[in-house]
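Scope of the values below: all heavy atoms of this structure, side chains included, with no hydrogens, waters or symmetry mates. As the structure lists them, so they are numbered: ligands from 1, and atoms in each ligand from 1. Here, residue 1 is the first one in the sequence, and each next residue gets the next number.
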Amino acid sequence: MPDANNPSAAPNPHLAQYQARGLKGRILSGVQPTGNLHLGNYLGAIRNFARLQSDYECLYCVVDMHAITVWQEPKDVIPQTREIAAAFLAAGVDGTKNAIFNQSAVPEHAQLAWIFNCVARLGWMNRMTQFKEKAGKDRENASLGLYAYPALMAADILIYKATHVPVGEDQKQHLELTRDIAVKFNNDFNVPDFFPVTEPLIFGAATRVMSLRDGTKKMSKSDPSDFSRINLTDDADAIAQKIRRAKTDPHPMPETLEDAEKRPDADNLLGIYAALADRGKADVIAEFAGKQFSEFKSALTDLAVTKLGPVGAEMQRLMKDPGHVDSVLKAGAEKARALAAPILADVYKTVGFLRP
Ligand code: TRP
C-alpha cells in the first residue's frame with residue numbers, strides 16, 4: 001500500500017477539512033457482535049480506538065449485518081451488540097464526542113453496499129482469503145452475504161468517506177478491496193476524488209495475541225478451551241488462574257528477541273506483557289532474561305489484573321444498564337446518519353437514480 005507520508009504522493013483533498021480542525025482525518029472501524037470479547041480483540045483493536053480519538057474524528061460501528069453472514073441466534077444478537085458497545089465505552093471511547101452505533105441502525109450502509117456490489121468484480125471477490133477460510137470446504141453452502149462481506153465493509157468505510165481505518169493483519173486484504181472499489185467508482189462515474197483512497201493505520205506490538213494453550217494459534221472465541229483466552233469480562237481470579245496454567249516450555253525465560261521468536265508460547269506471553277505495559281518487547285525480555293517462568297507469570301498476572309480489571313468491571317457495570325448503552329447507540333446512529341445521508345444522496349445522483 002502507498003505510504004501516507006510519501007512526499008511524492010499527490011496531496012489528499014479529503015484531509016484538508018480535518019486538518020483545518022486540528023485533526024488528522026476521519027476514522028471508521030467495526031467490530032462484529034459474535035460473542036465473548038477477549039484480550040486479542042482488546043489489544044489488537046478496541047484499546048486503540050480510545051487512543052485515536054484525540055487525533056481523529058471517530059466512528060465506531062458494531063457490525064451486526066456482518067455478524068449474520070454466518071448463523072447467529074436471533075436472541076443473542078442484541079446482548080452481543082450491547083456487549084461490544086459496552087467494551088468501547090469501558091475502553092475509554094467517549095460516546096458523546098464520537099459516534100458509537102450499530103450498523104443496521106444506519107441503513108445507508110446497506111444502500112451503498114448494493115451499489116458497491118455492482119462496482120466490485122467477481123474476480124476481486126474470488127481472491128478474498130477470509131471468505132475461503134470462513135466458507136471452508138462446503139463453499140456451495142456459504143451465504144451470499146459472506147461472499148459479499150467485503151463490499152459491505154467497503155460501504156461501512158466509504159459511506160463516511162473515512163480517510164483512515166485501523167486494521168490488523170487479517171483485514172488488510174479487505175481494506176485493499178475498499179481502495180479498489182473507491183478508485184473504480186471514481187473512474188467509472190468520472191467523479192475524480194469523490195471517494196477517498198482510505199489509508200490503513202497499523203498498530204505495532206501485540207496486534208497478534210495467540211492462544212494461552214498453543215502459542216502458534218491465534219487467541220479465538222471459538223477455541224473450545226476457555227483456558228486458551230482471557231475474556232474481557234474475566235475477574236482477577238480467572239485471569240490469575242489462566243496465566244498460571246498458560247503453556248510455557250521447560251527452559252528459563254528467553255534472553256534475546258531471536259531466542260524468544262523460536263519459542264512461541266514464551267514469545268506470546270512476552271508480547272502480551274509488553275503490550276499491556278506499553279513497553280517494547282526487547283525491553284521486557286531484558287528485564288526477565290534467564291529468570292524462571294513462575295516469576296514472570298506472577299508479574300504478568302499483576303499487570304493484567306491492574307490493566308484489564310477496571311475495563312472488565314466497567315463492562316459488567318454497563319451490561320447491567322442496557323438503557324444507558326442503548327441511549328449511546330441511539331445518539332451515535334443519529335450522528336452517523338446525519339453524515340451518511342448526504343453522501344448517499346450524492347452517490348445516487350452520480351449513479352443516475354431518479355429521486356421523485
Ligand atoms: N471485517 C472486520 C472484522 O471482522 C469488521 C469490520 C466490518 C470492519 N466493517 C469494518 C473493520 C470497517 C474496519 C472497518 O474484524
Please determine which of R208, K281, K262 meets the salt bridge (charged side-chain N to carboxylate O under 4.0 Å, His left out) test together with D267.
K281
So which protein heavy atom does [atom] come closest to, and at what separation?
atom	result
atom 4 (O) of ligand 1	Y149 OH, 3.0 Å
atom 10 (C) of ligand 1	M153 CG, 3.5 Å
atom 13 (C) of ligand 1	G30 N, 3.5 Å
atom 3 (C) of ligand 1	Q171 NE2, 3.4 Å
atom 9 (N) of ligand 1	D156 OD2, 2.7 Å

Indicate the ring-plane relationship of F101 and Y160, choosing parallel, tilted or perpendicular according to the 30° and 60° boundaries.
perpendicular
For ligand 1, which atoms sit closer than 4.0 Å to a heavy atom of [X]?
X	value
L28	12 (C), 14 (C)
V165	13 (C), 14 (C)
H66	7 (C), 9 (N)
V63	7 (C), 9 (N)
S29	13 (C), 14 (C)
Q32	4 (O)

Between K247 and D214, is there a salt bridge with N-O shorter than 4.0 Å?
no
Is the number of heavy atoms from other residues, nucleotides or ligands within 6.0 Å of NZ (K349) greater than 12?
no
Just checking, is any N or O donor in the side chain of Q130 or Q171 under 3.5 Å from an acceptor N or O on the other one?
yes
Please tell me whether Y147 and N126 have a donor and an acceptor in their side chains that are separated by less than 3.5 angstrom.
yes
Quick one: which of L59, V106, I159 gives a side chain to side chain contact (heavy atoms under 4.5 Å, CB included) with L339?
L59
Any heavy-atom pair between the side chains of L276 and L308 that's under 4.5 Å?
yes
